[in-house]
Amino acid sequence: MNSRSTSAIIIGGGIIGCTIAWELTRSGIQCTLLDKGALNQEASTAAAGMLGAQVETHQPGAFYELCRLSQRLYREWSEEIHQISAISPQYITQGILRAALHADDEQELKSRLPWIQDAEWLSTSEMLALEAGLSHNILGGLRFAQDHQIHPVQLAKALQAGLRKLGCEIREWTPVFGLIERQGRIEGVRTAEGSLFADHVIICAGAWGSALTEPLGLELPLFPVKGQCISVRTEAPVLRGTVFTQGCYIVPKLDGSMIIGATQEEAGFNKRCHVNVISDLFARAVKLLPSLDQAELVSTWAGLRPGTRDGLPFMGTSSHAPGLTIAMGHYRNGILLAPATGRLIKQLILGESTEIDLTPFSPDRTKAI
Ligand SMILES: Cc1cc2nc3c(=O)[nH]c(=O)nc-3n(C[C@H](O)[C@H](O)[C@H](O)COP(=O)(O)OP(=O)(O)OC[C@H]3O[C@@H](n4cnc5c(N)ncnc54)[C@H](O)[C@@H]3O)c2cc1C
């Protein structure tokens with residue numbers, strides 16, 4: 001299908017909405033991307049940018065396969081965005097070291113070895129040979145060489161610039177108040193500027209999504225999970241790649257800063273940072289990388305991950321809302337999962353068979369969770 005006569009409305013301009021708009025616009029579909037504020041001002045630019053397909057997965061299965069698909073797509077996808085937008089998303093191929101500081105953590109990490117791919121167990125001295133600044137108290141760890149990283153703010157800027165160049169219509173400060181059903185199908189949206197209609201309506205409203213689906217009888221258990229973060233800088237470099245341990249990670253960026261993240265708090269829709277929480281997070285980072293002790297504080301922030309009860313995203317259609325396509329609930333991994341989500345939703349919209357089975361991510365699974 002390659003016809004500008006096909007149209008789509010995309011609700012929510014975070015990484016997921018922007019990526020879907022990208023894929024559909026590239027396929028010749030006329031997209032209108034709506035956001036209640038400016039694009040990418042919520043979870044997607046609060047993220048650290050780890051592409052942690054291995055480090056974030058604790059068991060084999062559909063979620064791991066989804067992460068791996070996205071990981072395979074990432075480099076080419078980000079290069080295409082770079083080329084079209086002329087803005088670098090700062091894709092870095094340095095992997096992640098997942099250090100164990102306690103025996104139970106060591107055991108959990110080693111239990112992944114029979115099924116996880118591209119991972120190797122390193123002893124304490126092997127870890128220290130790679131990252132000399134790590135604490136000597138670590139018990140070893142896993143090296144995930146394929147878990148690369150990107151800069152979420154740069155990626156957002158590049159996607160936005162690229163979307164404008166490709167001709168996607170972007171309407172910021174345009175909250176969607178409701179979905180419009182005609183003859184049993186969702187065909188449009190209500191905004192303060194009036195109603196809009198399209199062949200396809202796709203909802204990517206992150207942690208806010210269920211407010212729009214509930215009136216249709218589609219109760220998606222989506223909720224905000226706050227993550228507070230810190231950015232710091234040291235006079236001399238203390239880290240080459242990302243290091244991660246239970247409850248804390250440190251991600252070095254190209255400008256010399258390091259992102260320390262992140263808390264996980266079910267605290268409603270508030271994005272306030274608290275000194276006690278931030279200092280506790282920093283103390284955990286210093287336990288992993290003692291030389292951070294004298295670091296300069298650059299900034300602190302918080303973002304709201306779109307959480308789901310079973311930790312899996314909602315992707316696909318629902319019998320409660322024919323005509324509506326759903327892509328929400330990417331929780332801790334929306335930056336990683338963006339290219340796979342964009343491609344799979346595009347395949348659904350074009351009526352193609354999807355590259356991987358979307359049944360485990362069905363919005364209709366909510367009865368079971
Ligand atoms: C601290 C932190 C660290 C993270 N680190 C990583 C990481 O390292 N790697 C990784 O892969 N993921 C990470 N994540 C997770 C990742 O950021 C999210 O999974 C991802 O950003 C979700 O994208 P989204 O587009 O679904 O949501 P959002 O970015 O929240 O976008 C949703 C958009 O919908 C808009 N919207 C909502 N309601 C309406 C409405 N009614 N009308 C119009 N617009 C609406 C909002 O304004 C918003 O712009 C992190 C998240 C946080 C908070």
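Every number for a ligand or one of its atoms is a count from 1 in the order of the listing. The structure displayed is predicted, hence computed values, not measured ones.
- Residue W301 does not touch ligand 1, judged by heavy-atom distances below 4.0 Å.
- Nearest protein heavy-atom contact of atom 44 (N) of ligand 1 is K36 N, 3.0 Å.
- The ligand atoms of ligand 1 that sit less than 4.0 angstrom from a heavy atom of L336 are 10 (C), 11 (O).
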Next item on the list: In sequence, state the C-alpha distance, the side-chain angles, and the governing distance for W121 and L142, and then conclude on side chain to side chain contact (heavy atoms under 4.5 Å, CB included).
Entry: CA-CA 5 Å; W121 178 261; L142 284 176; 3.8 Å; yes
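- Looking at atom 42 (N) of ligand 1, its nearest protein heavy atom turns out to be V176 N, 2.9 Å.
- In summary, the atoms of ligand 1 found under 4.0 Å from a heavy atom of C229, numbered by their order in the structure, are 1 (C).
- For ligand 1, none of its N or O atoms has an N or O atom of A47 under 3.5 Å away.
- Residue Y331 has at least one heavy-atom neighbour below 4.0 Å for each of these atoms of ligand 1: 15 (C), 16 (C), 18 (C), 19 (O).
- Closest protein heavy atom to atom 33 (C) of ligand 1: D35 OD2, 3.6 Å.
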Next item on the list: Given salt bridge (Lys or Arg N to Asp or Glu O under 4.0 Å), test D199 with R185 step by step and report yes or no.
Entry: CA-CA 10 Å; D199 301 312; R185 271 184 67 82; over 6 Å; no
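- For atom 13 (C) of ligand 1, the closest heavy atom belonging to the protein is R332 O, 3.1 Å.
- Using a 4.0 Å cut-off between a side-chain N of Lys or Arg and a carboxylate O of Asp or Glu, D147 and R98 do not qualify as a salt bridge.
- Short contacts between ligand 1 and G303, defined as distances under 4.0 Å to a heavy atom of the residue, involve ligand atoms 53 (C).
- Counting protein heavy atoms only, atom 9 (N) of ligand 1 is closest to M50 O, 2.9 Å.
- With atom 32 (C) of ligand 1 as the reference point, the heavy atom nearest to it among G227, C204, A327 is part of C204.
- Residue K287 qualifies as open at atom NZ: its count of foreign heavy atoms under 6.0 Å is 12 or below.
- Residue contacts with ligand 1 for F177 are absent, since no atom lies close enough (heavy atoms, distance under 4.0 Å).
- In this structure, R305 is part of the shell of residues with a heavy atom less than 4.0 angstrom from ligand 1.
- In the vicinity of Y249, heavy-atom distances shorter than 4.0 Å reach the ligand 1 atoms 3 (C), 5 (N).
- Contacts between T45 and ligand 1, counted as non-hydrogen atom pairs separated by less than 4.0 Å, are absent for every part of the residue.
- The environment of R240 atom CZ is sparse: at most 12 non-hydrogen atoms of other residues, nucleotides or ligands sit within 6.0 angstrom.
- Note: Y91 and H148 have perpendicular aromatic rings, judged against thresholds of 30 and 60 degrees for the angle between ring planes.
- Listed by number with element, the atoms of ligand 1 under 4.0 angstrom from any heavy atom of L212 are 41 (N).
- Here the shortest heavy-atom distance to atom 2 (C) of ligand 1, taken over A46, P175, A211, belongs to A46.
- Closest to atom 7 (C) of ligand 1 by heavy atom, among S44, G49, P313, G307, is G49.
- Between the side chain of T234 and the backbone N or O of P237 there is no donor-acceptor pair closer than 3.5 Å.
- Taking the charged nitrogens against the carboxylate oxygens, E126 and R143 have no contact shorter than 4.0 Å, which rules out a salt bridge.
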Next item on the list: Could you walk me through whether D364 and S362 pass the side-chain hydrogen bond (donor to acceptor under 3.5 Å, both in side chains) test, one step at a time?
Entry: CA-CA 5 Å; D364 283 344; S362 166; 4.7 Å; no
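- Closest to atom 17 (O) of ligand 1, if we only count protein heavy atoms, is A43 O, 3.2 Å.
- At a threshold of 4.0 Å, the pair K110-E106 counts as salt-bridged, since one of the basic side-chain nitrogens sits closer than that to a carboxylate oxygen.
- Ionic pairing of K36 and E42 is present here: one or more N-O contacts between side-chain nitrogen and carboxylate oxygen are shorter than 4.0 angstrom.
- Of all protein heavy atoms, the one closest to atom 31 (O) of ligand 1 is G14 CA, 3.4 Å.
- For atom 5 (N) of ligand 1, the choice among A262, A48, G178 with the nearest heavy atom turns out to be A48.
- Side chain to side chain, Q54 and R68 meet the donor-acceptor criterion of an N or O pair below 3.5 Å.
- Of all atoms in ligand 1, listed by their number and element, those nearer than 4.0 Å to a heavy atom of H330 are 19 (O).
- When the shell of 6.0 Å around CD of Q107 is examined, it contains 12 or fewer heavy atoms from other residues, nucleotides or ligands.
- The protein non-hydrogen atom at the shortest distance from atom 26 (O) of ligand 1 is I16 CG1, 3.5 Å.
- No side-chain donor-acceptor contact under 3.5 Å links Q294 and E235.
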